[in-house]
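Just so it is clear, the model here is predicted, and its values are computed rather than measured.
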Amino acid sequence: MLDLSVAIRKPAGMPAATLSGLHLAEAEFALGGRAILRGLTLSLTEARIGILGQNGSGKTTLLRLLAGLIAPTSGTVRVDGLDPATDRRALLPRLGILFQNPDHQILFPVVEEELAFGLRQMGLPAVETAARVARLLAAEGRTHWARAPVATLSQGQRHYLCLLAVLLMEPATILLDEPFAGLDLPTCQRLARRLEHLPQRLITITHDPAALARADRVLWLEAGQIRMDGPPDSVLPAFTAEMARIGERDADADLPG
C-alpha cells in the first residue's frame with residue numbers, strides 16, 4: 001500500500017490554528033428518513049485533521065456540512081463563526097473544498113476560465129483576476145495550460161486544476177474529499193508533495209489509514225457517530241484491526257437497517 005502520509009504533514013512554522021475553529025454541534029442530516037449523522041459535537045482546530053471511516057459512515061456528509069453544501073436538520077455548524085449554509089460568499093476566503101471527482105467541481109471549458117471563477121465570485125476585477133491566474137500558472141510551470149480545453153487534461157491534471165482554483169482564493173482551511181482516489185502512483189506522489197507545503201489547515205476524509213499516519217488528529221466515524229477520536233497512533237491501529245475483523249466475514253450479505 002502506498003504511504004501517502006506526507007500529504008498531511010504539518011508544515012514547519014504554521015501557527016497552532018489559522019481559524020477560531022471549525023465547530024459542528026449536534027448536527028444531524030437525514031436523507032430518505034435515515035439519520036446520516038447523529039448528534040455530533042466537535043471542535044476542529046488542529047492543523048492536520050483526518051476523518052476516517054468505511055463507505056457510508058457519514059464522512060462525506062460531514063464534509064458537505066462543513067462546506068455549506070447542505071444544512072443540518074437540527075443543530076448548528078459554524079466555520080470561523082459563520083454558518084456555511086447561509087454565509088457561503090463570506091466563507092470563500094476562509095474555506096475551500098477539493099472534491100474526489102474533479103468533473104463534479106469543474107464548471108468551465110477552458111483552464112483560465114475555471115481558475116478565474118472563484119476570484120470573480122469574491123468580487124475581484126477582471127484585470128486583477130487575469131493577472132493572478134497568469135502568475136499562478138507561471139509559478140506552477142503551467143503557463144501553457146491557460147487556453148487549454150479542460151477536456152484535454154488527464155484525470156490527474158483536472159484534479160490538480162481544481163486544487164489550483166482553490167489555492168487562488170487563499171482559504172485558511174481546505175477540505176479534501178479522498179484526494180488520492182483514482183490517481184496513479186506518480187500523480188499521487190506529486191499531489192502529496194504539493195499538499196505537504198501548504199500553510200492551510202487540511203481536513204482530509206478517507207477510508208485509507210495510510211493517508212493519515214502523520215495527522216495531528218484522526219476521527220473515526222462509524223454509522224454517523226464518532227467511534228474514536230485521538231492521535232493517529234491510537235486510532236489507526238484500532239481502525240485497521242476492526243476492518244480486518246469485518247473483512248473476515250461476509251459483511252456485504254447484510255442489508256442496511
Side-chain angles (χ1 to χ4, degrees), residues 4 7-8 22-44 46 48-79 83-85 88 91 94-107 155 158-159 162-163 165-166 171 173-183 188 191-192 195 200-212 215 217-229 232 235-236 239-240 242-243 246 251-252 256-257:
L4 297 172
I8 54 171
L22 303 172
H23 191 66
L24 180 63
E26 298 182 354
E28 180 176 88
F29 177 68
L31 182 63
R34 182 170 65 93
I36 305 301
L37 297 175
R38 294 180 283 180
L40 292 182
T41 298
L42 296 170
S43 179
L44 306 176
E46 292 80 4
R48 295 294 187 263
I49 299 169
I51 302 173
L52 186 66
Q54 292 180 271
N55 292 338
S57 63
K59 57 187 186 297
T60 296
T61 299
L62 175 56
L63 208 72
R64 288 168 62 83
L65 279 165
L66 290 171
L69 300 176
I70 56 176
T73 50
S74 64
T76 60
V77 182
R78 295 291 183 268
V79 176
D83 184 339
R88 292 186 63 186
L91 276 175
R94 293 172 168 85
L95 185 72
I97 183 169
L98 186 66
F99 291 102
Q100 177 178 341
N101 186 340
D103 296 330
H104 294 166
Q105 190 160 355
I106 292 172
L107 298 174
Q155 170 83 4
R158 293 197 304 276
H159 200 62
C162 291
L163 175 62
V166 170
T173 295
I174 300 176
L175 309 176
L176 302 172
D177 181 5
E178 298 282 6
F180 305 105
L183 302 180
C188 285
L191 179 60
L195 293 173
Q200 286 89 351
R201 173 181 293 111
L202 302 182
I203 301 178
T204 304
I205 70 165
T206 183
H207 62 271
D208 181 8
L212 303 178
R217 177 183 180 187
V218 177
L219 308 173
W220 174 3
L221 198 62
E222 185 174 288
Q225 295 181 305
I226 300 297
R227 174 159 175 175
M228 198 170 180
D229 178 354
V235 178
L236 299 184
F239 176 81
T240 301
E242 177 63 8
M243 295 306 102
I246 292 173
D252 291 336

* To do: Apply the test side-chain hydrogen bond (donor to acceptor under 3.5 Å, both in side chains) to residues Gln200 and Thr173: give CA-CA distance (whole Å), side-chain angles for both, the deciding distance (0.1 Å), then the verdict.
  => CA-CA 5 Å; Gln200 286 89 351; Thr173 295; over 6 Å; no
* Asked: Where do Asp83 and Thr76 land on the side chain to side chain contact (heavy atoms under 4.5 Å, CB included) test, with the steps shown first?
  -> CA-CA 8 Å; Asp83 184 339; Thr76 60; over 6 Å; no
* Criterion side chain to side chain contact (heavy atoms under 4.5 Å, CB included) on Leu44 and Ile203, from CA distance to verdict -> CA-CA 9 Å; Leu44 306 176; Ile203 301 178; 4.3 Å; yes
* Applying side chain to side chain contact (heavy atoms under 4.5 Å, CB included), run through Ile226 and Leu221 and close with a yes or a no. => CA-CA 5 Å; Ile226 300 297; Leu221 198 62; 3.6 Å; yes
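How far CG of Leu63 is from CG of Leu175: 4.5 Å, rounded to the nearest 0.5 Å. Remark: Leu212 CG to Ile49 CD1 distance equals 11.0 Å, nearest 0.5 Å.
Not one N or O on the side chain of Lys59 forms a donor-acceptor pair closer than 3.5 Å with the backbone of Ile51. A donor-acceptor distance shorter than 3.5 angstrom exists from the side chain of Glu178 to the backbone of His207, with no hydrogens or angles considered.
Every residue meeting the side chain to side chain contact (heavy atoms under 4.5 Å, CB included) condition with Phe99, not counting sequence neighbours, appears here in chain and number order: Leu69, Ile97, Gln105.
The closest side-chain heavy-atom distance from His159 to Pro102 is below 4.5 Å. At a threshold of 4.5 Å between non-hydrogen side-chain atoms, the residues Asn55 and Thr60 do not count as touching.
Under the 4.0 Å criterion applied to side-chain N and carboxylate O atoms, Glu242 and Arg227 are assigned as salt-bridge partners.
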